[in-house]
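Notes for the one structure printed next.
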Amino acid sequence: MGADGRRRGLAGLVFPALLLAGCTDGGPEEAIRSYEVDLVAAEDGSLQVEETIAYDFADSERHGIERLIPERAPYEQTRDRLYPISDVTVQSPTGAPADTEVTSEDGVLTVRVGDEDTEVTGRHTYVLSYRVDGVADPGDDGDRLAWNAVGTGWDVPIDEVDVQLSAPAGPVGGDCAVGADDSRTACPVDRTASGDLRAQATGLAPGEGVTVSGTYPAGTFAGAEPVLEETFSPAQAFRATPTTAGLAVGALLALVVPALLRARRGRPARAPGPGAPQLTPPHDARPAELGTVLDGRAQRHEVIATLLDLAVRGQLRIEETDPDDPDDAEQGDGGQDDDGPDDDGVPSDWRLVRTPADPRGLRPYERQLLDDVFADGAVVRLSDLQSRFTAVESRACAAMYQDVVERGWFRADPAAVRRRWYVLGAGVLVAGVVLTVVLAATSTWALAGSGVVLAGLVLLGLAGRMPQRTPEGAEVHERAAAFRDHLAASDAPWVADLEQLAGPARTDLRLRHLPHAVALGVAEEWTARAQAAGPGTTPTWYRPADGAGHVAVWPALLAFSSPQNPALSPPASAGSGTGATYVGGAAGGGGGGSW
């Protein structure tokens, strides 16, 4: 082979080698291969902790590891909670230097393990043991013990975490969270045969931790008390003097008195003595209008009352779903359990059917509600509205507010008026808090700022009373209240007269007023009266699933009318534990690394 051939052959070997060298990193990095934490709680609320850390230094030459453990955490504005640590010992089953230096500074205990004259590489195991006081939290509903078994302060990845928690009594619940600070990502928690809690996690990145908590019967940690330390005394800053007290009262009165006078003007005046009975809806008002004018708020029960009223007036039909109907079964995935009627004859879901009735005469909010409910077609299951009913309700309520203003019953949109006053109250409150903090930090006049804070709280409390009715609205309010009392009364005159009415008329009267009872908040009282008056004929706008007559109509209608109707309420998310545990939300934690 000539010289050129040898040069080409050498280049063919060197070039791939350079490529491989460029594609490789600097070798394995440090990591914790396993992190085992054994926690033993005592009746006095203290915790004996043993951490077995298999630390892989890889090819790095280090002296040992460093473990940082918090001893203090914020508790209240003027107090910190302490977690005193004692009896610190360290061993190394693998023979690594275990010389230990323990220091405490700024609320953090630092445990440095190793020999500054000796360097180690590869994998070594360290066993740290220590005692922590004041960890458990007793409570009337159960005692709780939580510990940040692996803190988020480690700057190396952790392959496996295994935590075991034992206590004087067996747990009634347990939680585990894994991830960065404030993460609520759950990790598995099991109860061992001995009654301990065991939690495991894998693949933690640097800066991720594990927090474990257990709930125990009340009295398990009867002798436990948190260890608290005062950090600040506001006594001097809030010293009461005639000047500071006068300024506080003056600021409170100056900001609150005008609002009180306005709120008083907005309240409807009541005539002295008992009012005249109101046996029919005043001003031929719709149910939602009466409910809104009564308390100044358009809410979910007014929306449901409007659906019922539209059914009574022939704009839609309400049908109970039948679990034996294949069409119902195919659609029955709206977040509910389609088991049909329960033992009380109350169905779990309904179907709404829009009829071809003449829409003339409908109020704008009624048209809005019909169009939103039937946006996907003339037939809709109530449970299918779950995901969008909040938006449907919001638009309908906004249109109801506009309606009562256009009818001359309110001077302005009640919701908009309340929002303005909430914003004003919140602004005064924030300004008062800022003023008080500044005064407390710079003087002894902080009490003067508390008057502005109180004024903000009062304004927030008055915001709901700020919408003002017109004189005509005040009259409708008084008559709506009388009609509500009539619907709720058990001895109303019409009950005795029902025996003189034909069946259909009696049924019509009861069902015609049901939407008003729902809107005015007395649906249960009204349905109880209607049932006590005797059976009636099922209305044409309501179809029971079994085709029966009057048997289950009233319980079913009451369930349909409830603002807590489960068919309209999003299902609760599944999960184990209380959900109160999150990473970093307990004592312990911290982190560490090598040195």
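Both backbone and side-chain heavy atoms feed into the values below; hydrogens, waters and symmetry mates do not.
- Inspection of the Gln402 and Tyr365 side chains reveals no N or O donor paired with an N or O acceptor under 3.5 Å.
- With values rounded to the nearest 0.5 angstrom, Leu369 atom CG is found 10.0 Å from Glu393 atom CD.
- Counting all heavy atoms, side chain and backbone alike, Pro70 lies closest to Ile85 at O-CD1, 4.2 Å.
- In this structure, OG1 on Thr292 lies 12.0 Å from NE2 on His477, to the nearest 0.5 angstrom.
- Under the 3.5 Å distance criterion, with hydrogens and angles disregarded, a donor-acceptor pair is assigned to the side chains of Thr152 and Asp181.
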Please lay out, stage by stage, how Glu50 and Val37 fare under the test side chain to side chain contact (heavy atoms under 4.5 Å, CB included).
-> CA-CA 6 Å; Glu50 182 178 279; Val37 184; over 6 Å; no

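- In this structure, Ser46 and Arg131 have side chains that are in contact, with non-hydrogen atoms separated by less than 4.5 Å.
- Here Arg300 contributes atom CZ and Ser394 contributes atom OG; the two are 11.5 Å apart, rounded to the nearest 0.5 Å.
- The closest donor-acceptor contact from the side chain of Ser183 to the backbone of Val178 lies under 3.5 Å.
- Ala426 and Leu460 get closest at one heavy-atom pair: N-CD2, 3.6 Å.
- Between Asp80 and Arg72 there is a salt bridge, with a side-chain nitrogen of the basic residue lying less than 4.0 Å from a carboxylate oxygen of the acidic one.
- Salt-bridge check for Arg469 with Asp295: failed, with every basic side-chain N at 4.0 Å or more from each acidic carboxylate O.
- In this structure, the side chains of Thr220 and Pro168 come closer than 4.5 Å at one or more pairs of heavy atoms.
- Side-chain contact between Val212 and Leu39 is absent, with no heavy-atom pair separated by less than 4.5 Å.
- With rounding to the nearest 0.5 angstrom, the CZ atom of Phe410 is 8.5 Å from the OG1 atom of Thr470.
- Judged by distance alone, with hydrogens and angles left aside, the side-chain atoms of Asn148 form no donor-acceptor pair with the main-chain N or O of Thr211 at under 3.5 Å.
- Residues Val150 and Ile158 are in side-chain contact: their nearest non-hydrogen atoms beyond the backbone lie under 4.5 Å apart.
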Steps toward side chain to side chain contact (heavy atoms under 4.5 Å, CB included) verdict (Leu429, Val453) = CA-CA 5 Å; Leu429 176 61; Val453 174; 3.7 Å; yes

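- Residues Pro281 and Leu290 form a side-chain contact, since some pair of their non-hydrogen atoms from C-beta on lies under 4.5 Å apart.
- With contacts defined as side-chain heavy-atom distances shorter than 4.5 Å, the pair Val417/Arg411 does not qualify.
- The backbone N or O of Gly449 sits less than 3.5 Å from a side-chain atom of Thr436, completing a donor-acceptor pair.
- Gly170 approaches Pro217 most closely through the heavy-atom pair O-CD, 3.4 Å.
- Remark: Glu472 does not engage Arg407 in a salt bridge, criterion side-chain N to carboxylate O under 4.0 Å.
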Apply salt bridge (charged side-chain N to carboxylate O under 4.0 Å, His left out) to Glu229 and Arg81, showing your working.
-> CA-CA 6 Å; Glu229 180 179 272; Arg81 183 168 179 174; over 6 Å; no

Report the C-alpha distance between Thr110 and Glu66 in whole Å, list the side-chain angles of each, state the deciding distance to 0.1 Å, and finish with yes or no for side-chain hydrogen bond (donor to acceptor under 3.5 Å, both in side chains).
-> CA-CA 7 Å; Thr110 301; Glu66 202 171 50; 5.9 Å; no

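- The heavy-atom pair separating Ala73 from Tyr83 by the smallest distance is CB-CE1, 4.2 Å.
- A salt bridge between Arg363 and Glu289 is present, with a side-chain N of the basic residue lying under 4.0 Å from a carboxylate O of the acidic one.
- The backbone N or O of Gly139 sits less than 3.5 Å from a side-chain atom of Asp143, completing a donor-acceptor pair.
- Taking the six-membered ring for Trp and thresholds of 30 and 60 degrees, Phe483 and His516 have ring planes more than 60 degrees apart, a perpendicular arrangement.
- Here the CG atom belonging to Leu145 is positioned 9.5 Å from the OG1 atom belonging to Thr215, to the nearest 0.5 angstrom.
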Go through the steps for Val113 and Arg67 under the test side chain to side chain contact (heavy atoms under 4.5 Å, CB included), then give the verdict.
-> CA-CA 8 Å; Val113 184; Arg67 176 76 171 95; over 6 Å; no

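- Nearest heavy-atom pair, His301 versus Ala519, reported as atom, atom and distance to 0.1 Å: CD2-O, 3.2 Å.
- In this structure, the side chains of Val132 and Trp147 come closer than 4.5 Å at one or more pairs of heavy atoms.
- Under the 3.5 Å distance criterion, with hydrogens and angles disregarded, no donor-acceptor pair is assigned to the side chains of Gln48 and Ser129.
- A donor-acceptor pair under 3.5 Å is absent between the side-chain atoms of Asp44 and the main chain of Gly223, judged by distance alone.
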Worked check of side chain to side chain contact (heavy atoms under 4.5 Å, CB included) between Gln299 and Cys397 | CA-CA 7 Å; Gln299 302 171 81; Cys397 290; 5.6 Å; no

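- In this structure, Glu478 contributes its side chain and Glu475 its backbone to no donor-acceptor pair below 3.5 Å.
- Contact record, Phe221 with Ala42: CD2-O, 3.1 Å, taken as the closest heavy-atom pair.
- Side-chain contact between Val88 and Leu128 is absent, with no heavy atoms from C-beta onward closer than 4.5 Å.
- Put simply, the side chain of Arg388 gets close to the backbone of Val373: a donor and an acceptor are under 3.5 Å apart.
- Between the OH atom of Tyr401 and the CZ atom of Arg418 there is a distance of 4.0 Å, given to the nearest 0.5 Å.
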